[in-house]
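Here is the structure we will look at.
All values below were derived from every heavy atom in this structure, side-chain atoms included, with hydrogens, water molecules and symmetry-related copies excluded. Here the structure is a predicted model, which means the values were calculated and not measured.
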Amino acid sequence: MQSAFVRGYVISDTQLDLPDQCSDWQSSAIGGYSFYFHPLTKWARFSDSQGEHWALFIGQAVDLKSGETSMPELAKTTCEILSQHDEQAAVEYLAYLGGRFICAFGKKDEVTVVPDCHATIAAFWTEKDGKFVASSHSRLTAIIAGCEQSTKSASIMESPLYTDAGGKYYPGVLTPFESVLPLIANCLLRNEKQQGTTRHTRFYPWEDVQPIGDTGVVLDAFGKVLERHVELLTSLGKTNISLTAGLDSRAAAFAAASQVQEGSYAYTYFRFEGAVTETVEDLMGASDWARQLGLPHRIIRLHPYDPGADWVKMYVQSFPRGARFPALAQCYDENFSDDDISLVSTIAETGTAFYKLRDSPEPTPEVLAGKFSRSPIGRSEDMISVFKEYIQYAEFSSDRIHNLDWHDLFYWEHRNSKWASLWYSEVDLSHRVFLPFNSRALIEIMLSLDYSLRESRFLLTEYCARKASELGVSATLV
């Protein structure tokens with residue numbers, strides 16, 4: 001769809017005049033708050049008969065326990081929990097939903113905003129001149145609230161000390177705009193309209209994550225939850241599978257192969273120009289796995305970003321700064337339609353081991369700055385200051401994270417909220433994307449294993465071997 005902020009949303013404590021890019025958006029008001037939605041944004045709301053409690057979902061949530069995928073029903077359940085129990089119970093219910101969503105709930109003149117497990121639908125918020133605004137895009141929030149570009153953020157992003165072959169992204173709580181802040185995974189926003197206050201508060205973990213049992217029990221639990229999540233996601237429509245030769249992708253494909261609807265296929269994006277042996281082997285591996293799983297395999301040719309294309313106008317309005325992968329976003333727009341659904345196997349590294357070097361018992365500002373970037377800027381006073389602020393904002397201290405390893409939580413929360421979510425927003429321009437590993441129940445199962453087993457990717461390896469045996473296909477590439 002050729003418009004800016006595709007599948008976006010806005011939440012505010014006042015009625016807004018949206019910018020011209022949002023002239024065709026839908027609106028809804030509940031509990032003293034105004035909500036606005038891009039025409040492609042899926043949303044649903046419910047309030048109890050007394051109007052005391054209400055809930056509004058944006059995106060698509062699924063309940064792994066009940067199997068419910070109806071957004072109005074999920075909003076109704078959230079309201080019932082609020083009425084019969086309390087806010088903490090509602091937060092815990094939302095925490096274990098799968099899918100890709102963000103939920104706002106509350107009562108009159110109070111709203112709590114809770115992201116999904118990895119905050120895969122971004123939220124950027126500000127409180128300026130007595131007005132609370134949160135939205136799906138940092139630029140949209142900045143336009144509505146009148147926030148200027150951040151000179152501090154620009155100086156870091158443009159610094160010759162900051163280099164990264166995989167692409168740069170904003171560290172800590174920095175965004176491209178002054179006073180515009182991100183909602184971090186495992187945290188929530190709470191706005192109290194009458195007091196004019198907004199707080200960013202950690203809600204997870206609220207207790208120690210308990211071991212499950214021996215590796216066989218853990219493997220059984222892992223397969224059961226992954227397949228249940230994929231079952232619910234594929235029930236939403238014809239679903240295609242993003243596939244590489246990697247273990248994460250292969251596990252998701254094994255879970256989905258027997259559940260996808262007719263006409264579904266696996267696909268791999270590939271840049272033919274400048275291809276090297278490793279990328280060719282990955283492409284051929286993906287093709288071989290698709291063949292073994294009985295899935296058609298489509299290759300999406302990744303071409304250089306075309307700044308002169310009409311599509312770019314929409315893209316630049318949505319992401320004027322901090323773009324993640326515009327060339328891929330453009331290719332997806334050329335190859336998918338608005339209602340297409342993809343399963344993408346990111347996020348699994350939360351449950352394996354993204355950060356291998358674990359030589360610091362405490363997440364100090366100096367250590368986090370170095371984990372964020374191994375380039376010289378990771379040792380600079382500016383970056384250390386950024387992560388000092390981040391630790392306070394996200395309550396990222398040992399006494400708040402129970403028995404979880406801060407290395408795992410840092411990847412889970414910071415890298416996914418600040419880096420991966422931007423890519424999902426880019427994909428939203430072309431089609432819908434869901435993430436099989438975006439389930440707190442699944443991540444907790446993975447994190448229950450000893451570090452050595454997680455680093456060796458035991459669960460993914462053994463799950464793929466088990467599924468290969470069940471399907472009568474080879475567990476290794478020929």
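Partner of Leu429 under the side-chain contact (heavy atoms from CB on, under 4.5 Å) criterion, chosen from Phe336, Trp311, Tyr332: Trp311. The only option from Leu97, Val62, Val230, Val225 that meets the side-chain contact (heavy atoms from CB on, under 4.5 Å) definition with Ser439 turns out to be Val225. Here the options are Phe57, Phe434, Trp43, Tyr9, the test is ring-ring contact (aromatic ring centres under 6.0 Å, His included), and the partner is Phe101; only Phe57 passes.
The shortest non-hydrogen separation linking Ala55 to Cys79 is N-SG, 3.5 Å. Pairing each heavy atom of Leu233 with each of Gly99, the nearest pair is CD2-CA, 3.9 Å. Closest of all the heavy-atom pairs between Ser136 and Gly8 is OG-CA, 3.0 Å. In plain terms, the two heavy atoms of Gly263 and Asn240 that are nearest each other are O-OD1, 4.3 Å.
Side chain of Lys193 to backbone of Gly32: a donor-acceptor contact under 3.5 angstrom is found. A donor-acceptor pair is defined here as one N or O able to donate and one able to accept, closer than 3.5 Å; no such pair exists between the side chain of His200 and the backbone of Cys187.
Other residues, nucleotides and ligands contribute at most 12 non-hydrogen atoms within 6.0 Å of the CD atom of Glu148. The neighbour count for Asp20 CG, taken as heavy atoms of other residues, nucleotides or ligands under 6.0 Å away, does not exceed 12. Remark: Asp86 CG is packed, more than 12 non-hydrogen atoms of other residues, nucleotides or ligands lying under 6.0 Å away. Within 6.0 Å of CG in Asp399 there are more than 12 heavy atoms belonging to other residues, nucleotides or ligands.
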Requested in this report: In sequence, state the C-alpha distance, the side-chain angles, and the governing distance for His414 and Phe396, and then conclude on ring-ring contact (aromatic ring centres under 6.0 Å, His included).
Outcome: CA-CA 10 Å; His414 184 267; Phe396 196 76; 8.9 Å; no

Query - Chi angles and distances behind the side chain to side chain contact (heavy atoms under 4.5 Å, CB included) call for Thr239, Gln261 - result: CA-CA 7 Å; Thr239 306; Gln261 300 179 19; 5.9 Å; no

Requested in this report: Take Phe177 and Tyr170 through the test ring-ring contact (aromatic ring centres under 6.0 Å, His included) and record every step on the way to the result.
Outcome: CA-CA 11 Å; Phe177 303 96; Tyr170 290 87; 8.8 Å; no

Query raised in the report: Can you list the steps and then say if Phe319 with His137 is a ring-ring contact (aromatic ring centres under 6.0 Å, His included)?
Result: CA-CA 8 Å; Phe319 307 102; His137 295 73; 5.4 Å; yes

**Report entry** side chain to side chain contact (heavy atoms under 4.5 Å, CB included) evaluation trace for Phe203 with Val114
**Finding:** CA-CA 9 Å; Phe203 70 81; Val114 181; 4.1 Å; yes

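Between Arg324 and Glu426 there is no salt bridge, since none of the side-chain N atoms of the basic residue sits less than 4.0 Å from a carboxylate O of the acidic one. Residues Arg358 and Asp408 are paired through a salt bridge, judged by an N-O separation under 4.0 Å between the basic side chain and the carboxylate.
Residue pairs meeting the side chain to side chain donor-acceptor pair (under 3.5 Å) criterion with at least one member in residues 62-76, sequence neighbours excluded: Asp63-Ser66, Asp63-Tyr93.
Remark: Lys168 qualifies as a cation-pi partner of Tyr162 under the 6.0 Å distance and 45° angle criteria applied to the six-membered ring. Cation-pi check for Arg440 over Tyr204 is met; the charged atom lies under 6.0 angstrom from the ring centroid and within 45 degrees of its normal.
Partners of Thr120 by side chain to side chain contact (heavy atoms under 4.5 Å, CB included), not counting sequence neighbours, listed by chain and number: Arg100, Asp116, His118, Ile347, Tyr424, Leu435, Asn438. Taking Arg228 as the reference, Leu64, Glu231, Leu232 meet the side chain to side chain contact (heavy atoms under 4.5 Å, CB included) condition, with sequence neighbours excluded.
Atom OH of Tyr169 is separated from atom CE of Met157 by 10.0 Å, given to the nearest 0.5 angstrom. To the nearest 0.5 Å, atoms CD (Glu413) and SG (Cys117) are separated by 10.0 Å. Taking OG1 from Thr234 and CD from Glu227, the interatomic distance works out to 11.0 Å, rounded to the nearest 0.5 Å.
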